[in-house]
Amino acid sequence: MILSLLFLSLNLSSLFRLSASRGSAADRFYRSGDVHVDGIYVRSGRQLLAGENFRMTEEQYIQMLDKLAQGYMSNFDLDKAIKDFHRRCSNISRIYSIGKSVLGVPLWTIEISNMPGKKEAEPAFKFIGNVHGDEPVGRELLLLLANWLCDNYKSDPLATLIVDNVHLHILPSMNPDGFALRRRNNANNIDLNRDFPDQFFPLNDDMDLRQPETKAIMNWVDDIEFTASASLHGGALVANYPWDGTEDKKRKYYGCPDDETYKFLATLYSGSHYNMSKSTEFPQGITNGALWYPIYGGMQDWNYIHHGCFELTLEISDNKWPNASELPTLWEYNRMSMLNLVAGIVKTGIHGRVISSDEGKPLPASITLRGINYTIAASKSLADYHRLVAPGQTYEVIVTMPGYKPKSACVDGDRAVTIDFVLEPAHGNDSQVLEGSGCYIGSKSRFQVMEYMPEPQLQLYVLLIILISAFLCLAMRKKSLRSNHHMVNQRHSPQPKRAAV
Ligand SMILES: [Zn+2]
C-alpha cells in the first residue's frame with residue numbers, strides 16, 4: 001500500500017512538473033473553466049494528490065487558488081508598484097505600456113537606463129514575467145530587480161554597469177488576465193507561449209487570430225532592437241534554450257545555429273543561481289527545449305529567428321505558487337543570475353558600429369560570423385550591432401551591405417570586443433563576396449587548422465600524415481614480431497634455478 005502510494009505520488013509529481021512549465025503536455029490538462037486536472041488537483045504542501053476522493057468543487061478550487069495568491073501583488077498592486085518605482089527612480093527609468101490584454105489591462109513596462117527613452121549605441125535586454133497567468137513568481141522578482149537596480153546604482157559595480165551600458169526593459173506581467181483568473185491561459189483561453197509564428201508549422205499564421213498580448217510583444221520587438229531577453233516561468237528549475245520545436249515533432253536535442261552561445265548564456269544563468277546548476281534532472285541546470293519536450297508557436301524561437309534576439313526561457317521555481325513568504329528567498333536565489341545575464345551582453349560579445357566611408361552615415365548592415373548560419377542586423381538608427389558569442393573561440397566577423405564592399409575582421413571571443421566597420425561604396429565590378437580572411441576560426445584544433453589551410457598545402461599535409469602512418473605501421477609490425485618471438489622464448493625458457501646455497 002505504502003509502496004503503491006509512493007509510486008503514484010512520484011508519477012504524479014513528474015507529470016505535473018512536465019505539464020506545469022512551458023507546457024505542451026499542460027494543454028491536455030488545463031482547459032478554461034475546468035476544475036479537474038484529470039483528477040489531479042489538490043496540493044498538500046508542495047505535493048499533489050489525486051483520485052476521486054480529492055476532487056473539489058469549482059468554488060473550493062477558486063478558494064484554494066485565492067489562498068495560494070495571498071501575499072502576491074494583485075494586478076492593481078502591480079500597477080501601483082510600477083508607478084511607485086518610477087516616481088522613486090525617475091532619473092534612471094521611464095514607464096510605458098506596450099498594449100493591452102484581452103480584458104483591457106495595460107501591459108506596463110519599465111525601462112531602466114541612464115538615458116531612458118533615448119536611442120544609444122548600446123544593447124537592449126528585456127525580461128518578461130508572468131507569460132502564464134498561474135506562474136506569478138517572475139512578476140514579483142522583476143519588481144524586486146528594478147528596485148534593487150535603483151537602490152544600488154552608483155554604489156554597486158554591476159548595477160552601475162547595467163544602468164550605464166544597457167537599456168533594460170522589464171514587462172512584469174504579459175498575462176495579467178490569466179493571473180487574475182489564476183490560470184495559465186489568457187482571457188480567451190489561449191496559451192500565449194503557443195501563439196507566436198512557428199518556423200515549422202503554419203499554426204499561428206492567421207494574424208486575425210493572434211492574441212492582443214502576443215501582438216503587443218511582436219510590435220514591441222519590432223520597435224526596440226533587443227540583443228537578448230528572458231521570459232520567466234514556474235513549475236521547474238532550469239534554463240531552457242532553442243530550439244523549442246523539431247521539424248518532425250520528435251523529442252530530441254535540436255540545437256539552433258548558435259547552440260554554443262545559447263549554452264553559454266543558459267549556463268551563465270544556472271551557474272549564478274543558488275541551486276539551479278545542481279539539478280539532478282537537468283545536467284548543469286540547462287536544457288535544449290526540444291530535448292525536454294517540443295513545443296510549437298513559442299516566444300523564444302520566434303525572437304531568435306525574426307529579430308536577432310537571443311531569448312532564454314527560465315523556469316525559476318519548482319513550485320508555481322510558493323508561499324509568498326518565500327519570495328525574498330527566491331529573489332536572493334535568482335538575483336545574481338538575473339544581473340549576470342543582463343551584464344553578460346556587455347561583458348562578452350562583439351560590438352560596434354557600421355558607417356559609410358564617404359558620408360559617415362550609419363549603415364544598417366548585416367553581421368554574420370563565418371561558419372554560423374545566422375545573421376543579425378546593425379540597428380536602423382545608429383547602426384550599432386551587438387553579436388553575442390560563446391567565449392573560448394576566435395570568430396571572423398563579416399559585414400555586408402548592398403552597395404558597399406564587404407569587410408571582415410578576426411575577433412577573440414573570450415572578452416567583449418568593440419570593432420567599428422567603415423564600408424566603402426562598391427563600384428560596378430567590385431566583388432560582393434568576401435574571400436576567407438585566413439582567421440583561425442573556432443577552438444584552433446588541428447581539424448580547424450586543416451579546414452582553413454590553402455588547398456596545395458592541405459594535400460601535402462595529408463600525404464605527410466599517410467607517410468608517417470605507413471612508417472609507424474611498419475615499425476610497430478616489426479616490433480610486435482620481435483616481441484612475439486621474445487614471448488615464445490620466454491614461455492619456453494626454464495624457470496630460473498634456485499641458487500644453491
Ligand atoms: Zn510557463
Side-chain angles (χ1 to χ4, degrees), residues 13-32 34 37 43 48 65 68-69 72 101 107 126-142 170-196 198 204 211 213-214 217 229-245 266 269-270 273 276 279 281-282 285-290 292-303 311-322 327 330 334 337-338:
S13 68
S14 65
L15 174 70
F16 181 72
R17 192 170 280 208
L18 188 70
S19 68
S21 37
R22 294 180 310 148
S24 73
D27 295 343
R28 296 203 302 272
F29 304 113
Y30 288 82
R31 290 279 179 251
S32 171
D34 285 357
V37 185
R43 270 169 201 237
L48 283 167
L65 292 176
L68 288 173
Y72 283 84
S101 69
L107 302 172
K126 72 180 189 301
F127 268 124
I128 300 180
N130 203 198
V131 179
H132 292 131
D134 60 346
E135 295 165 17
V137 173
R139 59 192 248 151
E140 297 278 341
L141 298 201
L142 288 176
I170 296 173
L171 171 62
S173 178
M174 177 178 166
N175 188 4
D177 298 350
F179 176 81
L181 294 163
R182 310 275 184 260
R183 73 170 189 211
R184 178 182 182 86
N185 294 349
N186 76 346
N188 287 335
N189 196 26
I190 299 293
D191 184 336
L192 297 176
N193 202 30
R194 304 292 182 279
D195 197 40
F196 285 81
D198 189 83
N204 295 324
Q211 296 304 300
E213 295 90 346
T214 314
I217 298 283
S229 59
S231 71
L232 304 180
H233 294 252
L237 194 63
V238 66
N240 177 101
Y241 57 89
W243 298 125
D244 260 347
Y269 197 90
S270 70
H273 189 275
M276 191 180 277
S279 167
E281 190 181 358
F282 304 102
I286 65 172
T287 188
N288 170 261
W292 190 12
Y293 56 92
I295 68 160
Y296 300 92
M299 184 164 71
Q300 170 185 270
D301 290 2
W302 177 82
N303 266 276
E311 178 155 298
L312 294 174
T313 306
L314 302 171
E315 304 281 353
I316 56 168
S317 160
D318 272 323
N319 189 345
K320 286 188 176 198
W321 292 93
L327 290 170
L330 287 167
N334 284 279
S337 299
M338 292 170 119

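Predicted model, so just to flag it, every value in this text is computed and none were measured. Remember, it's 1-based here, ligands and their atoms both numbered in the order they're listed.
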> Can you name the N/O/S atom of H132 that is nearest the Zn ion (ligand 1)?
Replying inline: ND1
>> Please verify the inter-ring angle class for W321 with Y72; under 30° counts as parallel, over 60° as perpendicular, anything in between as tilted.
In response: perpendicular
>> Restricting to N, O or S, what is the name of the atom of H233 that lies nearest the Zn ion (ligand 1)?
In response: ND1
>> Would you say the Zn ion (ligand 1) has E135 as a near neighbour, meaning an N/O/S atom of that residue under 2.8 Å away?
In response: yes
> Residues two or more places apart in sequence or in another chain: which of them pass salt bridge (Lys or Arg N to Asp or Glu O under 4.0 Å) with E140?
Replying inline: none
>> Testing D244, T313, I295 one by one against D301 for a side chain to side chain contact (heavy atoms under 4.5 Å, CB included), which residue passes?
In response: D244
>> Under a 3.5 Å cutoff, is there a donor and acceptor pairing between the side chains of Q211 and D195?
In response: no
